[in-house]
Participant: 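Mind looking over this structure? Questions follow.
The structure presented is a predicted model; accordingly, all values stated were derived computationally and were not measured. Counting from 1, the numbers follow the sequence of the chain as shown.
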Amino acid sequence: MGSISTAGEAVARIAYLASHVIVSVQPALATDSEFSETLHSLQKSKAPSVVAKEHPEIVTVRQNADPLLSVFQPIRAGRLTSVTTDASILVKSIPHLYKFAQYPVVIHVSVHPAGFPDFSNITSIRQSGFTFLQSETLQQAQDIALTAHALAIKSRKGVIHFFDPGSIAFSKEIAYENRELVRGLLDLDSTAAFQNSRSEETTLYADDGRNATLSVARSQAGTAGGVHVGPLSTGDNGKTLPASEETSTRAESSSASSRRESSTGGESASSATTVESLAPRPVSSEDIYRFASQIWANLKEATGRSYDAFEYTGPPNAEAAIFLFGADTAIFADEVDAVDDSEAYAHAGIITARMYRPWLGASLAPLLPQSIRRIAVLEQVRRKTTRWGPVLLDLLMSIKSSGGNSPLIVGYQLGYITDKTVRQALRGVFQNLTSESPVQNLQIGNMDGPRQEELVLEQPGLENAYMKILDQVFGERLHIANQSGAKHAGISNEFTSSPEYGFGSLLARKERRTRFIDEARAASKTDDFVTKAPLEWLAKWALAANDGDKANALAPEVISRLSTDGSAAASQLLSSKGLFFSESPWLVGSDAWAYDLGNSGVHHVLASGENVNMLIVDSQPYSERAAADAARRKKDIGLYAMNFGNAYVASVAVYSSYTQVLEAMIEADKFDGPSVVLAYLPYEKETDSPLTVLQETKKAVDLGYWPLYRWDPRGDEKGEPNFQLDSERIKKELEEFLRRDNYMSQVMKRHPEFSANLSSSYGTEVRQLQKRKAKDAYSKLLDGLAGDPMTVLFASDNGNAENLAKRLANRGKARGLKTICMAMDDYPLEDLSTEQNVVLLSATAGQGEFPQNGRTFWETIRDSTDLDLATVNFAVFALGDSHYWPRKEDKIYYNKPGKDLHARLVTLGGNAITDCGLGDDQDPDGYQTGYAEWEPKLWQALGVDKVEGLPDEPPPITNEDIKIASNYLRGTIEEGLSDTTTAAISASDQQLTKFHGTYMQDDRDLRDERKAQGLEPAYAFMIRCRLNGGVASPKQWLQMDEISTKLGNETMKLTTRQTFQFHGVVKGKLKPAMQAINKALMTTIAACGDVNRNVMCSVLPQQSQCHAEVYAISAKISDHLLPSTTAYHEIWLEDDETKEKRKIAGDALVDNEPLYGPTYLPRKFKITIAIPPHNDTDVYAHDIGLIAIKGADGHLEGFNLLAGGGMGVTHNNKKTYPRTGSMFGYVTTDQVHIACEKIMLVQRDNGDRTNRKHARLKYTIDDMGVDVFRGKVEELWGQKFADPKPFKFESNIDTFGWQKDENGLNHFTFFIENGRIEDTAEFPMKSGLIEVAKLQRGEFRLTGNQHLTLSNIADEDLPAVKEIMKKHKLDNTNFSALRLSSSACVAFPTCGLAMAESERYLPELITKLETTIEEAGLRQDSIVMRMTGCPNGCARPWLAEVAFVGKAYGAYNMYLGGGYHGNRLNKLYRSSIMEEEILEIMRPLIKHYAKDRLEGEKFGDFAIRTGYIQETTHGTNFHENTAEEESDGE
Ligand code: SF4
């Protein structure tokens, strides 16, 4: 049997057994209370409960979030609910307590600070109607906790069980509770009866008169008080209580020490005599006492431990006694026991209250020996509201009313007592007690208590975000009023964090400043200063002191004059120098202020009209909003404040728009009156990763749960709109408010583009209607046709299952069947049982899951118990990849959805007309192999296999068809852009827009949620610039930055191919963005698509001369290979007038593509240039790699040309592989663009146009052989490649920090993690770079590793540049070399191909590895680590020394052995591993490398030498000799 060592554990275990629901109140969600750890471990181990069917529900609530709100719903539903908490929540919860007193709620309270608690938290709520029980030892904690539950059930009234965990901490360990005893005491019949009762109550605060009642004999029903007689039942089953024990003599005391004498208990109820009909009456104090006595009697019988309402220990002839309340009784009892007879307190009795409420005064007097003349009442109650201690008053009343010769009662305030000071304390007590006229209210012990180890409630890291921004925006001017330090703002449960407190302190501060201004003004007229300057500046300042801007501008001047003065007057003023500034006063709170109990403070501030700003951080995650208990209603403070009329209100979310947070804070500060900034920061636990917070925020903002807006009630006075909507969707309540205030129409007029979102409401009903309509339309269509029906349903993620289903439906039609084809989730499931023939096709997603558009269908089928498919014929075809899950145990995922569906339909009585068909990507023809076998069986089963004269089917449309039909890349892009009914464009236009430099994507963070809401995905576009060599002027940088802020998602990505990429550009902003890019003298044409892309060029900060020459060549090649189509200009840049004219002229323009022809290239084509010894552009990874060769004069002479490099691969498809370029030879500078052109042309004519996975130049070269291919190029070119010249690469990473070039100009390479330019609260890098660009000095060079170099800064400009860099922390390059050498692609949320996170995850992974790196002493040693979200390879992972390539969400293939300077491919080391395994592999590997590497040996080389991995010598052997087969091993 286990043992228990803390009261929290003992109590939590009992609560677990005796409750249906436990509300576990915690200081913070990630900080355990003394109960919560036990509760959660019981829950985790699925320990069974006694009252709950399986185990109780545990609801975790933060202490400052009005936690008792969570009790209403379960208790009213008849579920036994208990609360575990410390005492700090009680006083604030009084309105709830009054209500819960009439329900069997048990609240277990640990009183703090442990060891010297303040019991005023208990005494202040003593009138709340609850029964109060106290325990003082560990054993009591267990027994009294059990009593509390048993009593609550029996009396149907609330019980508060309280204890000091500190004094209990010294008790001996006890055994686990006896389950049978718990069961016996809990009265399960009464529990069941309570469960069947449902409260009709709905209000939270109004008293609707509920009273706990008992059923009693009708003749007794009126006897609600007084001494009770007669039969009594608890209103459940009419059972009478067994005759309780009469006054009993206790054999042993249960008080803290083993006292010498036994004593007598209070009176108990009488026994039953007759049985009559029953009537309800309120539960009286005596009832409670009787129930408690009965419970204790049973407990005693089982354990021998006895308890009573009051407990007296001491000699039966004692003359004096001490009544202890809240003290550590054991210390006193031990001292009284041990002391010799000479002490005045030697024979004193000790009285304690086990049951503090109801206060059964009448039962106390009989308990005490008649001999007692004086009683000292020692109360550990520090915050008293009356002069007399509450227990003293109780006692006085009781003893007085008992009449007779009542003893003298003297009250004491008890301080902190230890076993060392108790003797002195008791002496003091008794000296006073026994004196002739004792003094009341003497203080005994140390009133300050022991030095407390303060519980440091740290502001959760996440919540810091807003505090940091406040700090950044207001700096010295910031004043947070409701906490001494910003650290605790908004999270503490202390009074000092409440808005009332802060507001009060602000008013005081305001007065203080007014006085300070007077003082300064007076000082300016004295001659108290040593120097003259202060007088003049003080006078100036005093005049402007109430004008914020002016005062703040003058403040530093005044302070500086005073600082150099040295007089006493100056020091006096400087001692409050903060007051020279006009502060920005803020109250910072959490969403606790949105609950009713915290809301009054907000109201108070609003009503005052004072110029105070409130920042209220709401942390409720969007996905929990539906699950949230209805009773935990929160006020919408924003609406409340707007309705108030006088306040500035903003709703912001830092993880959605950083800029908007800044705007809102600045506006709130400027607004003269109260301001409320509601800030969203959703998290479940304070330790949530920023990625989770980001995803939650996006959902909430996107779907209008947390709209971003700003409201200035005086906007119209300034001719500005009052309401500014900053997100696209708006929630209903807000919409109603705006409509009511007639602002809605204005907003709609001003933003017609929002009107659809603003006014339409989406939801399940609409979705249902859509499904019904679609089905009905089909049905109508089919009615006129003959033949059997066939319903084809598909679940498809990448389109294969959908295409197959549509084709099957068409073929069915051709065979005379009436066919319907739709996605499973679009099908009205209620019709399924009436179908005749259903054919279902499902692809396999994730870990054997249904694709998104079949998930709901499957879940409904899976969970349905009443679907009868007895008359339904069905067939299932499943698509998947048998090699997708390399591990044997994961093989079950292969085609799992289809197989599960088949089995489930059989279970539901369906008639399978074929076996479940299995399509496998690994088969020679992919899934078509299995499908070709299965389809004929289907036709046979349906009796349509012998149909003659079937029509020929059109071949599927390929990219090549789209290109041909597009009229030189026009397609229907124009039409698509002007279609406002959808945010998307057509599938074929999606292919074509790539040639124009833009991809359609959808936000994958929002995909599921929008689907659930019946909305189309959140489509937006990625735009990629074409920027050869990655060089931009400062002006261009500013222009790019503005595009990202105004038209994109406020961030920019610097790509691995040295260009700018914008994400999140919605369709309506696509054209303006393209125009803005062109206005900045950049373009996007041919940034993507089957053409030559951006030409890269080494950044080369140290050699400007050489860079200039090579850069010129990159521009020349880029221009030379640019497509000539005019479609780009026509679609994106032409104004409407020109367009109109051209149309009238009859589209006279005829395009011609001399280099590309109408079908362009078979696939993308990439060229890069590297300048040895730096391979920072990964010259081996591109279709053409040019290695610059300098002549003897130091000038560029020519290039060694590599061809056939390429990264894209498909998992498990060994026909695809990465490849490093093959050396073709040397070519001179003047010929290099021609050589490139000819290679491109040979590829154009020989590349595989039938299979895009085999269309890149690398496959063409390997298929033809390098020599043959080169021969064709030379033939076309009319020249031959010369022998390659010698060169040497040293690395492929960037060199960070400052470098000087040969001309004396300075260059600084910034570390931009994964190329993402954005502002965060921690690092406002984007804003910093704007400041740098505004200096208009030098140029910006984007590196191939996604970093940024500020180039060509003259020495004289250095100080200004450095100052800005320092201010924005941009000069920090002090990161581990591992981080500096890392690189990740975009992946989630925007890349449609991503299988796993990359850019958002790699930094986290590196952080987890850095400790090992530090320990191994490798902080300065570069290891090239790369990550991509899929095998497409955008961050060139196959050349990294260690790489992770996404396989499924959270799972990666790991590769080792790449060459340090990008010269050698790596090889598969492990497949499909998750973080835990990655760390398990990497940590020892890093240590091994540190220990056993050879001098200068690089990590990739080491991994090969020491046998971790075999060397990859060519792309074609990339899949050979891998450390792990990417198969199931069968
Ligand atoms: S590597 Fe894959 S996931 Fe990453 S950006 Fe490229 S296509 Fe997307």
Participant: Which atom pair, heavy atoms only, marks the closest approach of Ile469 to Met665?
Facilitator: CG2-SD, 3.7 Å

Participant: Heavy-atom count check: over 12 atoms from other residues, nucleotides or ligands less than 6.0 Å from Glu1363 CD?
Facilitator: no

Participant: For the side chain of Arg509 and the backbone of Leu507, is there at least one donor-acceptor N/O pair under 3.5 Å apart?
Facilitator: no

Participant: Less than 4.0 angstrom from a charged side-chain N to a carboxylate O is my criterion; do Asp1371 and Lys1366 meet it?
Facilitator: no

Participant: Can you confirm whether the side chains of Ser576 and Arg512 place a donor and an acceptor under 3.5 Å from each other?
Facilitator: yes

Participant: Give me the ring orientation class for Trp541 and Phe580: parallel if the planes are under 30° apart, tilted from 30 to 60°, perpendicular past 60°.
Facilitator: perpendicular

Participant: Can a salt bridge be assigned to the pair Arg515 and Asp518 using a cut-off of 4.0 Å between side-chain N and carboxylate O?
Facilitator: no

Participant: Taking C-beta and beyond as the side chain, do Leu708 and Ser657 meet within less than 4.5 Å on heavy atoms?
Facilitator: yes

Participant: Is the backbone N or O of Val701 less than 3.5 Å from a side-chain atom of Tyr622, with the two atoms forming a donor-acceptor pair by type?
Facilitator: no

Participant: Supply the atom-to-atom distance Tyr648 OH to Trp711 CH2, rounded to the nearest 0.5 angstrom.
Facilitator: 12.0 Å

Participant: Check whether Asn121 reaches the backbone of Ser88 with its side chain - one donor and one acceptor, N or O, closer than 3.5 Å.
Facilitator: no

Participant: Checking side-chain polar atoms at under 3.5 Å, does His112 have a donor or acceptor matched by the opposite partner on Asp118?
Facilitator: no

Participant: For a quick check under 3.5 Å, do Ser619 and Arg62 share a side-chain donor-acceptor pair by atom type?
Facilitator: yes

Participant: Between Tyr680 and Trp706, how do the two ring planes meet: parallel, tilted or perpendicular, split at 30° and 60°?
Facilitator: parallel

Participant: Inspect the contact between Glu610 and Lys510 and indicate whether a charged nitrogen and a carboxylate oxygen are less than 4.0 angstrom apart.
Facilitator: yes

Participant: Can you confirm whether the side chains of Ser582 and Asn552 place a donor and an acceptor under 3.5 Å from each other?
Facilitator: no

Participant: Among side-chain atoms of Thr1045 and Glu1050, is any donor-acceptor pair under 3.5 angstrom?
Facilitator: no

Participant: Salt-bridge test for Glu536 and Lys532: reply yes if a basic N is under 4.0 Å from a carboxylate O, no otherwise.
Facilitator: no

Participant: Just by modelled atom types, is the Asp672 backbone N or O under 3.5 Å from a matching donor or acceptor in the Arg714 side chain?
Facilitator: yes

Participant: Rounded at 0.5 Å granularity, tell me how far CD1 in Ile1330 sits from CG in Asp1319.
Facilitator: 7.0 Å

